[in-house]
Amino acid sequence: MKAEGGPPRALTPLPSPRISVLSAITRAFAEETGDLPKLLQRVVEQTSNFLDGLCTLGVITDDGKGWQALAEFSQDAALLRDRERDFGCGVQSLDAPTVIAEAIREGTYARLDDMQAPQWLTQLPPLLAAHVALYNMRGMVAVPLRTKGRIIGALSVTRHGPAPRPLLDEDCDMLRVLANHAAQAITSSRHLADTQRELDEHKRTRQSLERSRELLQQAAKIEAVGRLAGGMAHDFNNALSVILSHAEALLDDAKDQATREDLGEIRAAALRAADLAQQLLRVVQG
């Protein structure tokens with residue numbers, strides 16, 4: 001059994017009280033566009049509270065073969081716990097005979113007014129069918145989330161509980177309007193997130209470039225100091241060569257022992273200095 005779908009009928013004008021509520025809900029969506037998980041949760045909470053049912057927001061997987069529930073809400077805490085336990089964030093196939101999969105697959109709203117019908121339950125996976133029966137799930141409608149002509153997921157509402165109200169055409173119309181606003185808010189949130197990631201990447205790149213520039217400046221300074229030290233070492237070595245040559249010449253001519261000892265100290269000091277100059281040159285030259 002297929003859920004009721006096909007081309008959506010024209011939206012009927014919403015009653016004034018619903019317009020006021022819709023305005024408040026869309027403002028709430030806009031407040032959370034900077035945080036996608038909080039936005040998705042706000043969407044399902046506001047939609048669930050307004051349309052009185054289990055609200056699920058699912059998005060198409062990257063490979064385009066399935067959909068995954070990213071946010072869900074109901075006033076029935078036990079239902080939410082059981083769904084989290086049994087389904088979690090698992091991926092559901094778009095080929096599955098479910099209302100949400102059909103809405104995404106067909107690109108239009110899908111509606112089922114009696115989920116307890118045996119011919120419908122027999123098509124469902126056993127665990128999902130058990131949930132439908134246990135929580136007396138009745139009417140369900142799902143609307144694709146569409147942005148810039150592309151479907152990104154679906155928003156659905158399921159009436160459940162001891163005596164769930166039947167779905168009305170105006171409920172479906174309201175969900176379609178909410179889905180349009182939710183899709184726009186999700187797109188804006190994703191754009192903001194992408195922009196923030198780009199800004200963060202640019203910041204990291206700029207910091208890396210600044211660090212590289214600092215390292216290059218330090219390297220240039222070290223190179224300049226090395227050239228200066230190398231030039232000084234050469235000049236110092238030349239001066240020591242003059243001192244050594246004169247000391248040795250004087251030693252050859254010196255007659256008394258005291259003078260020879262003094263000249264020997266000068267020569268030894270000059271040799272030590274020359275050795276230090278050579279070590280400095282080797283360090284500078286690498």
Side-chain angles (χ1 to χ4, degrees), residues 3 21-22 24-26 28-29 31-33 35-61 66-94 96-104 109-117 120-121 123-145 152-168 171-172 174-176 178-179 181-183 185-186 189:
V21 174
L22 175 62
I25 291 175
T26 53
F29 290 176
E31 290 172 359
E32 302 294 354
T33 52
D35 187 326
L36 184 57
K38 288 180 66 176
L39 168 64
L40 299 181
Q41 193 59 35
R42 178 66 69 90
V43 168
V44 294
E45 287 180 6
Q46 296 280 1
T47 304
S48 171
N49 291 335
F50 185 63
L51 293 180
D52 187 25
L54 169 69
C55 181
T56 301
L57 191 153
V59 297
I60 298 176
T61 54
W67 68 274
Q68 183 177 29
L70 295 187
E72 200 163 49
F73 186 77
S74 168
Q75 294 291 348
D76 189 334
L79 170 60
L80 286 181
R81 285 196 301 270
D82 286 351
R83 289 183 67 83
E84 174 65 24
R85 180 196 65 208
D86 294 336
F87 304 113
C89 294
V91 174
Q92 308 294 321
S93 172
L94 286 180
T98 63
V99 178
I100 292 177
E102 182 170 337
I104 295 174
Y109 84 105
R111 176 177 173 179
L112 184 64
D113 289 318
D114 186 11
M115 298 181 72
Q116 298 291 332
W120 169 256
L121 285 177
Q123 297 184 62
L124 298 180
L127 189 56
L128 182 56
H131 273 249
V132 170
L134 178 61
Y135 286 98
N136 194 33
M137 294 180 177
R138 291 290 177 174
M140 181 177 182
V141 60
V143 179
L145 295 171
I152 61 173
L155 185 67
S156 71
V157 169
T158 304
R159 292 272 166 78
H160 62 88
R165 293 188 295 108
L167 283 168
L168 303 176
D171 295 324
C172 300
M174 188 67 180
L175 184 64
R176 288 163 62 190
L178 288 172
H181 287 284
I186 291 169
S189 181

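- Counting all heavy atoms, side chain and backbone alike, Ala154 lies closest to Ile104 at CB-CG1, 3.6 Å.
- Annotation: side chain of Leu167 is in contact with side chain of Arg111 (closest heavy-atom distance under 4.5 Å).
- Counting only heavy atoms from C-beta outward, the side chains of Trp120 and Asp114 never approach each other to under 4.5 Å.
- Of all heavy-atom pairs spanning Ala71 and Gln41, the tightest one is CB-OE1, 3.9 Å.
- Residues Leu155 and Cys55 share a closest heavy-atom pair of CD1-SG, 3.6 Å.
- Between the side chain of Gln116 and the backbone N or O of Met137 there is at least one donor-acceptor pair closer than 3.5 Å.
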Could you walk me through whether Val157 and Asp171 satisfy the side chain to side chain contact (heavy atoms under 4.5 Å, CB included) test, starting with their C-alpha distance in whole Å, then the side-chain angles of each, then the deciding distance to 0.1 Å, before giving a yes or no?
CA-CA 9 Å; Val157 169; Asp171 295 324; over 6 Å; no
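- Atom OG1 of Thr56 is separated from atom CH2 of Trp67 by 6.0 Å, given to the nearest 0.5 angstrom.
- Between Ser48 and Gly53, the shortest heavy-atom distance links the atoms OG-O, 2.6 Å.
- Atom-to-atom distance recorded for Leu127:CG and Arg83:CZ is 9.5 Å, nearest 0.5 angstrom.
- Although no hydrogens or angles enter the test, the distance criterion places a donor-acceptor pair under 3.5 Å between the side chain of Asn136 and the main chain of Gly161.
- Under the 3.5 Å distance criterion, the side-chain polar atoms of Thr61 are matched with a main-chain donor or acceptor of Gly66.
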Quick one: do Thr98 and Leu128 satisfy side chain to side chain contact (heavy atoms under 4.5 Å, CB included)? Show the steps, please.
CA-CA 10 Å; Thr98 63; Leu128 182 56; 4.1 Å; yes
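- With sequence neighbours left out, the salt bridge (charged side-chain N to carboxylate O under 4.0 Å, His left out) criterion links Glu45 to no other residue.
- Taking CG of Leu57 as the reference point, atom CG of Leu145 lies at 5.0 Å (rounded to 0.5 Å).
- Between the SG atom in Cys172 and the CG atom in Asp113 there is a gap of 7.5 Å [rounded to 0.5 Å].
- Judged by distance alone, the side chain of Arg159 and the main-chain N or O of Arg138 form no donor-acceptor pair under 3.5 Å.
- Aromatic ring pairs are classed by plane angle as parallel below 30°, tilted from 30° to 60° and perpendicular above 60°; the pair His160 and Tyr135 is perpendicular.
- Separating the OG1 atom in Thr158 from the NE2 atom in His131 is a distance of 12.5 Å, to the nearest 0.5 Å.
- Note that CZ of Arg81 is 10.0 Å distant from CG of Leu79, once rounded to the nearest 0.5 Å.
- Each of Leu51, Val44, Asn49 was evaluated against Thr47; a single residue qualifies, Leu51, per the side chain to side chain contact (heavy atoms under 4.5 Å, CB included) test.
- Of the possible donor and acceptor atoms, none in the side chain of Arg165 sits under 3.5 Å from a partner among the backbone N and O of Asp52.
- Of all the heavy atoms in Ser93 and Ala101, the pair that sits closest is O-CB, 3.8 Å.
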